[in-house]
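To start, the structure under review is shown below, and the notes come after it.
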Amino acid sequence: MLDMRLIREEPERVREALVKRHMDPSPVDKILTLDEQRRQLIQGVEEKRAERNVVSKDIAKMKDQVERQAKIDEMRQLGDNIDAIDADLKAVEVELNALVSELPNIPDPDVPVGVDDSDNVVVRTVGELPEFDFEPKPHWDLGPELGIIDFERGVKLAGSRFYVLSGLGARLQRALIYWMVDLHVKQGYLEKYPPFMVRGEILYGAGQLPKFEDNLYKDHEEDLWMIPTAEVPLTGLHMDEILDEAQLPLRYTAYTACFRREKASAGRDVRGIKRGFQFDKVELYTFCRLEDSPAEHDRMVSDAEETAALLGLPYRMMLQSTGDLGFGSHKTYDIEMWAPGCKEWLEVSSISNVGDFQARRSGLRYRPTDGKNTQFVHTLNGSGLGLPRTLIAVLENYQQADGSIVIPEVLRPLMGGETVIRAEG
RNA sequence: GGAGGGAUGGCCGAGUGGACGAUGGCGCCUGUCUUGAAAACAGGUGUGGGUUUGCGCCCACCGGGGGUUCGAAUCCCUCUCCCUCCGCCA
């Protein structure tokens, strides 16, 4: 949610942001008109309310019944008048709110202007791409051959885009989750285990509703929705709270499953485990003061990078262009790992500085130590790595000529000392 | 699933139609006193919105929404959440 004051005072900045994102800037004018209307209606209705408050107090003291009744009649009329203006005001506010809540965040000046993800900029590449003296296989061949990914039974259970991990495959994923959460705790994040389902207002606060309703699973009898990422419950944790400045920054990490209907990418990436309706992820999340968010962003990027580096997987750091930048994001880095079997760069992590965009929608504020007005916090979120894609990177980068997989060293203690995944495993 | 009881400011807790944005206590801040601290005493201490150069003024908010009324924390309806008991089930 953008600050109405910003839209009012610097509409050009907002229009420019929309243009950079290839969106229609015309709602800005409509918003300005509605905002003006809103304030006029408020002035009118509050003036009348003030009058009613004064007269009502007088009525309580009146002895003369005739005069008293006359005032009561007068106030009844005034009340009807107030109700009428109130109805207009409400209609204007609903329309205004709908338009403002669909405005995306303003991109940071550093964000390259582009059409889509092909305009994302490579910031750095870390690690050497592995060389193979054989033709590396994609994970959708390796997994079934080793008996660690069962696509057929996943489809039997739940349909397309589902799979079953088996044996050391399941254990490898569990080890990755355990190891990642532990690493983030060491990096200074507090571990959380939130609900995987939340109420609609929490999704609104995180910016997922109303715009992305199609992408979410929902309980149709209750206002309960499956989370598409741990970012959603973590954002909602402090909804409507006023934190003390001294508490900040708050850094959290959480493992959750994530559920996405993938309506927007129907038919894409249907092969393998890259894009499922359900996947696991370890998330990083920070609430901080506005002036600290760029530094916190850098910190989260390097914490996520450490995860990739310790696994011994080559990756590249991308800065998203305005064509790829998420709705609520101010600036986003992606970590992409190379998958030699699929022969593509996999987005394993997306680390965003959201600024006060979610804080405004969720009511996340703090009171400065100097006692001045409350401020909105800045929020940042990032995957400490998405599991399926990290799993793909491990399987495809660590594969051997005989089809076996060497287990990354850091995970071996969590896998009972196993060093290699072989067929029949 | 059945029966009943609750939800008030940072916390505790009064308030059942008009002077209540809300008594009181605790906590916190400031001042007086003190070498310092404590104690005591005095004052202050919510959020959002509108308006104003500013001081300020006004409006709304007593779990959420709606209603009755000239006027609602207080009465009515409804939803959510919490507690107690019974039943059922992991």
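Chain letters run A, B, ... following the sequence lines, proteins first, then strands; residues in each count from 1. Heavy atoms only: backbone and side chains are in, while hydrogens, waters and symmetry mates are out.
- The side chain to side chain donor-acceptor pair (under 3.5 Å) pairs that include a residue from residues 144-168 of chain A are A:Lys137-A:Glu145, A:Asp150-A:Arg153, where partners are two or more places apart or lie in different chains.
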Quiz item: Tell me, for nucleotides 44-52 of chain B in 5' to 3' order, what letter each nucleotide earns: B for a base near a protein heavy atom under 4.0 Å, S for only sugar-phosphate near one, - for neither?
Solution: --SSSBSS-
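- One finds no salt bridge joining A:Arg13 and A:Glu16 here, because no Lys/Arg side-chain nitrogen approaches an Asp/Glu carboxylate oxygen to under 4.0 Å.
- Between A:His297 and A:Tyr333, the ring-plane angle classifies as tilted under the 30° and 60° cut-offs.
- Protein atom CG of A:Leu41 is 16 Å distant from nucleotide atom P of B:A60, rounded to whole Å.
- A:Asp64 has its CG atom 16 Å from the C1' atom of B:C70, to the nearest Å.
- In this structure, the CZ atom of A:Arg52 is 14 Å from the C1' atom of B:C58, given to the nearest Å.
- By the 4.0 Å N-to-carboxylate-O rule, A:Glu296 lies close enough to A:Arg251 to be salt-bridged with it.
- Using cut-offs of 30° and 60° for the angle between ring planes, the A:Tyr252 and A:His238 rings count as parallel.
- A:Gln173 meets the side chain to side chain contact (heavy atoms under 4.5 Å, CB included) test with A:Leu165, A:Ile177, A:Asp280, A:Leu387, A:Leu391; sequence neighbours excluded.
- Ring centers of A:Phe259 and A:Phe277: at least 6.0 Å apart, outside the cut-off.
- Stem regions annotated for RNA chain B: B:1-7 with B:80-86, B:10-12 with B:24-26, B:27-32 with B:40-45, B:46-51 with B:56-61, B:63-67 with B:75-79, counting only runs of 3 or more consecutive pairs of Watson-Crick or G-U type with both contacts under 3.5 Å.
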Expected rows: protein N/O vs nucleotides 18-21 of chain B N/O, under 3.5 Å:
{"from": "B:G18", "atom 1": "N2", "to": "A:Ser56", "atom 2": "O", "distance (Å)": "2.8"}

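- A:Phe287 and A:Tyr285 have their aromatic ring centers within a separation under 6.0 angstrom.
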Quiz item: Stepwise, does the side chain to side chain donor-acceptor pair (under 3.5 Å) test hold for A:Ser329 with A:Asn105?
Solution: CA-CA 6 Å; A:Ser329 182; A:Asn105 203 351; over 6 Å; no
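- Using C1' as the reference atom, B:C79 and B:A7 are 14 Å apart when rounded to the nearest Å.
- With C1' as the reference atom, B:G24 and B:U45 are 16 Å apart, rounded to whole Å.
- Here the separation of B:G4 from B:U8, taken at their C1' atoms, is 22 Å to the nearest Å.
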Quiz item: Can A:Arg38 and A:Glu93 be said to form a salt bridge (Lys or Arg N to Asp or Glu O under 4.0 Å), step by step?
Solution: CA-CA 7 Å; A:Arg38 172 177 171 269; A:Glu93 285 186 329; 2.9 Å; yes
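- A gap of 15 Å separates the P atoms of B:C61 and B:G9, to the nearest Å.
- For A:Thr229 and A:Lys281, the side-chain atoms include at least one donor-acceptor pair closer than 3.5 Å.
- Atom P of B:C58 sits at a distance of 16 Å from the matching atom of B:C20, rounded to the whole Å.
- The gap from the C1' atom of B:G46 to that of B:G21 amounts to 9 Å, rounded to the nearest Å.
- Across the P atoms, B:A38 and B:G31 are found 12 Å apart, a figure rounded to whole Å.
- Nucleotides B:U84 and B:C62, compared at atom P, are 28 Å apart to the nearest Å.
- For the 3.5 Å distance criterion, the side chains of A:Ser265 and A:Glu262 qualify, holding a donor opposite an acceptor.
- What separates CD of A:Glu241 from P of B:C11 is a distance of 11 Å, to the nearest Å.
- Between A:Glu222 and A:Glu47, it is A:Glu47 whose nearest contact on RNA chain B lies nearer the 5' terminus.
- For the pair A:Arg289 and A:Tyr366, the NZ or CZ position fails the cation-pi test of under 6.0 Å to the six-membered ring centre and within 45 degrees of the ring normal.
- For the residue pair A:Thr253/A:Glu191, the side-chain donor-acceptor check at 3.5 Å is not satisfied.
- B:C81 atom C1' lies 14 Å from atom CG of A:Asp223, rounded to whole Å.
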Practice problem: List the steps and the verdict of side-chain contact (heavy atoms from CB on, under 4.5 Å) for A:Leu103 and A:Leu18. | Solution: CA-CA 8 Å; A:Leu103 291 178; A:Leu18 286 164; 4.0 Å; yes
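- The side chain of A:Asn53 places no N or O atom within less than 4.0 Å of a non-bridging phosphate oxygen (OP1 or OP2) of B:G71.
- The stretch residues 70-89 of chain A touches RNA chain B through A:Ile72, A:Met75, A:Arg76, each having a heavy atom under 4.0 angstrom from the strand.
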